[in-house]
Amino acid sequence: MTRTPAHDPFFPPEFVWGVATSAFQIEGAAREAGKGESIWDRFCRQPGAIADGSNGDVACDHFHRLDQDLDLIARLGVDAYRFSISWPRVQPDGRGAFNEAGLAFYDRLVDGLLSRGLRPYLTLNHWDLPQTLQDGGGWAVRDTVHRFVDYARAINARLGDRLSAITTHNEPWVMAVLGHESGIFAPGVRHRGIAMQVAHHLLLSHGLALQALRADGCPSRLGIVLNLSPIGPATDSPEDRAAAWLEDGRLVRWYLDPLLRGRYPDDVWQHLGADAPRIEPGDLAAIATPMDYLGINYYTRGVVSASGAWSVQASGLPLTDMGWEVVPEGLTELLLRMHRDWTLPPIYVMENGAAFIDQVVDGQVMDTARRDYIARHIEATGRALAAGVPMAGYMVWSLMDNFEWASGYAKRFGIVHVDYASLARTPKLSYHWYREFLRAQRAQRPQRHAA
Ligand code: PNW
């Protein structure tokens, strides 16, 4: 059917192709089967927090439509499905008793993937912290680190024998900075010092969870997922260049340096002054526990000026419905820079995709802009691979339209359309394109192998 706008880069047979979602964004069933309240359930009820006044109570109703959704993933022909566990669904208070009905749901999800030949990539924390833990201070307090390690061990005990990969946290920068500095995401705190303490506790809990899971004999590959962008200056002025380097420090180096080198970047630490986190002896060594892989989520680049905010004016580049510039070369640039500046484990693009306004015509969604976005970023991934970056996989965000956090349901990232009145799922052109792309990749595998 549709021809690939991108050229056809070479990907080795073991390269993992996938599609991703997260629990709060799709599951719904917010107060069913023993689930506890999460900070996102609470945040949605704060007037003005969510653009369209919506919440995750129903979302895509995935909790009740699991088999149908697993069939959609299987028909797509991916190798892997990246999903997250809602911590309060399986441990309502974030400490103490586990909820059997919640665990049983993820048991069915994992078995449903395996029976369809799909590899489970599980994320433990995609932002929906149990509200009870938030009431005790949330990620700002060190106790939450230990609660997370307990939770990780329980999930491994229940599901670990059947998983391909476990991700500790999705996007610590977003939880720390958007959740605790700008406060536009749950829990809506606005304090830079708290944000940096949260970031430290997220990294520490990641490292301690890796150590605990390995001690428990966990067979899955273990890692973390970061949202990264190349950050450039708005102009060549020394002021803009300094601002861009600092922003790179806060977004990129603040995470990659401790994870891969066991230290925080000095310039950012100095800049933070009294807002630098309190750390204890041994914390940095724990954070630097070797990972089996590193995941990155890539959507756009950052352009920074000394006068503040990321700017997108006047670049002339097309924008998505989020207002984010479409810059596939930025992904290649980011990956090459990571490869140059750090010693990398295998790298997955764990999320890449775009919100666009979709027109439904005669029951079809011809989302050519999303298809082209995905094709061009796959090509950009291929260029990094060809240049020697240890790329291990690529996953599209997202399987289906879903709750886009503070934007509510107005922004659609899915390759499957969701009608929020009927909850009907309709694969878009981008879904059909990705399926054909994967089919072609697979058809080439044996020949290229034999050659
Ligand atoms: C990621 N930013 O979020 C998340 O992992 C997904 O759950 C989300 O749906 C997707 O990207 C699309 O937004 C981000 O402002 C949200 O820099 C905001 C930012 C980055 C990532």
Side-chain angles (χ1 to χ4, degrees), residues 18-27 38-40 43-44 49-51 54 56 59-60 62 81-86 121-129 167-186 188 195 199 202 223-231 247-248 250-252 254-255 295-304 309-312 319-327 330-331 334 348-356 370 373-374 377 395-416 418:
V19 68
T21 63
S22 88
F24 190 81
Q25 296 180 271
I26 65 168
E27 285 181 1
S38 79
I39 58 173
W40 272 93
F43 188 67
C44 289
I50 311 300
S54 63
C60 305
H62 171 71
Y81 174 54
R82 174 174 182 248
F83 63 98
S84 80
I85 290 198
S86 159
Y121 277 57
L122 181 154
T123 300
L124 289 166
N125 171 24
H126 200 122
W127 311 353
D128 44 356
L129 184 76
T167 294
T168 52
H169 301 297
N170 180 70
E171 304 186 340
W173 178 91
V174 169
M175 284 183 277
V177 174
L178 301 189
H180 299 81
E181 186 171 329
S182 69
I184 62 167
F185 281 8
L202 287 166
I224 193 169
V225 173
L226 307 175
N227 57 298
L228 300 180
S229 289
I231 305 288
E247 186 60 22
D248 173 82
R250 295 210 57 198
L251 180 76
V252 180
W254 190 261
Y255 298 91
I296 67 158
N297 296 342
Y298 177 81
Y299 290 94
T300 190
R301 67 172 181 180
V303 181
V304 170
W310 291 29
S311 76
V312 292
L319 304 180
T320 71
D321 194 27
M322 297 297 284
W324 298 347
E325 291 174 310
V326 177
V327 199
L331 174 56
L334 169 69
Y348 288 86
V349 174
M350 287 291 201
E351 288 180 22
N352 173 247
F356 286 110
R370 184 177 293 100
Y373 180 100
I374 294 169
H377 286 78
M395 310 220 188
V396 169
W397 183 271
S398 175
L399 172 66
M400 56 186 150
D401 296 335
N402 58 48
F403 178 77
E404 180 48 34
W405 307 113
S407 306
Y409 296 96
K411 305 297 181 199
R412 294 175 177 270
F413 276 87
I415 57 173
V416 174
V418 176

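Count residues from 1 along the sequence. Each ligand, and each atom within it, is numbered from 1 in the order the structure gives. Note that these values count all heavy atoms, side chains included, but never hydrogens, waters or copies made by symmetry.
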>> For ligand 1 and Glu351, I'd like to know whether there is a polar contact (N/O to N/O, distance under 3.5 Å).
In response: yes

> What pairs with Val416 under side chain to side chain contact (heavy atoms under 4.5 Å, CB included), at least two apart in sequence or on another chain?
Replying inline: Leu72, Leu399, Met400, Arg425, Tyr431

> Are Tyr121 and Tyr81 close enough that their ring centres sit under 6.0 Å apart?
Replying inline: no

> Below 3.5 angstrom, do we get any N/O pair linking Trp397 and ligand 1?
Replying inline: yes

> Can you tell which of Lys411, Arg370, Arg412 makes a salt bridge (Lys or Arg N to Asp or Glu O under 4.0 Å) with Asp321?
Replying inline: Lys411

>> Trp127 and ring-ring contact (aromatic ring centres under 6.0 Å, His included): which single residue from Trp173, Phe43, Phe185 fits?
In response: Phe185

>> With rounding to the nearest 0.5 angstrom, report the CZ to OG1 distance, Phe83 to Thr167.
In response: 10.0 Å

> What residues form a side-chain hydrogen bond (donor to acceptor under 3.5 Å, both in side chains) with Ser407, not counting sequence neighbours?
Replying inline: none

> Taking only heavy atoms of Trp173, which atoms of ligand 1 are found under 4.0 Å from at least one of them?
Replying inline: 17 (O)

> Considering Trp405, Tyr299, Trp324, which one's heavy-atom position lies nearest to atom 10 (C) of ligand 1?
Replying inline: Tyr299

> Who's closest to atom 2 (N) of ligand 1 heavy-atom-wise, of Val177, Asn170, Leu178?
Replying inline: Leu178

>> As a check for students: among Met322, Met350, Glu171, Glu404, identify the option with a heavy atom nearest to atom 8 (C) of ligand 1.
In response: Glu404

> Can you list the atoms of ligand 1 that are under 4.0 Å from a heavy atom of His126?
Replying inline: 4 (C), 5 (O), 6 (C), 7 (O)

>> Does any part of the side chain of Leu226, heavy atoms only, come nearer than 4.5 Å to the side chain of Leu251, both counted from C-beta?
In response: no

>> Give the atom numbers and elements of ligand 1 that come within less than 4.0 Å of a heavy atom of Phe413.
In response: 12 (C), 13 (O)

>> Heavy-atom distances under 4.0 Å decide this one: backbone, side chain, both or neither, for Phe403 against ligand 1?
In response: neither

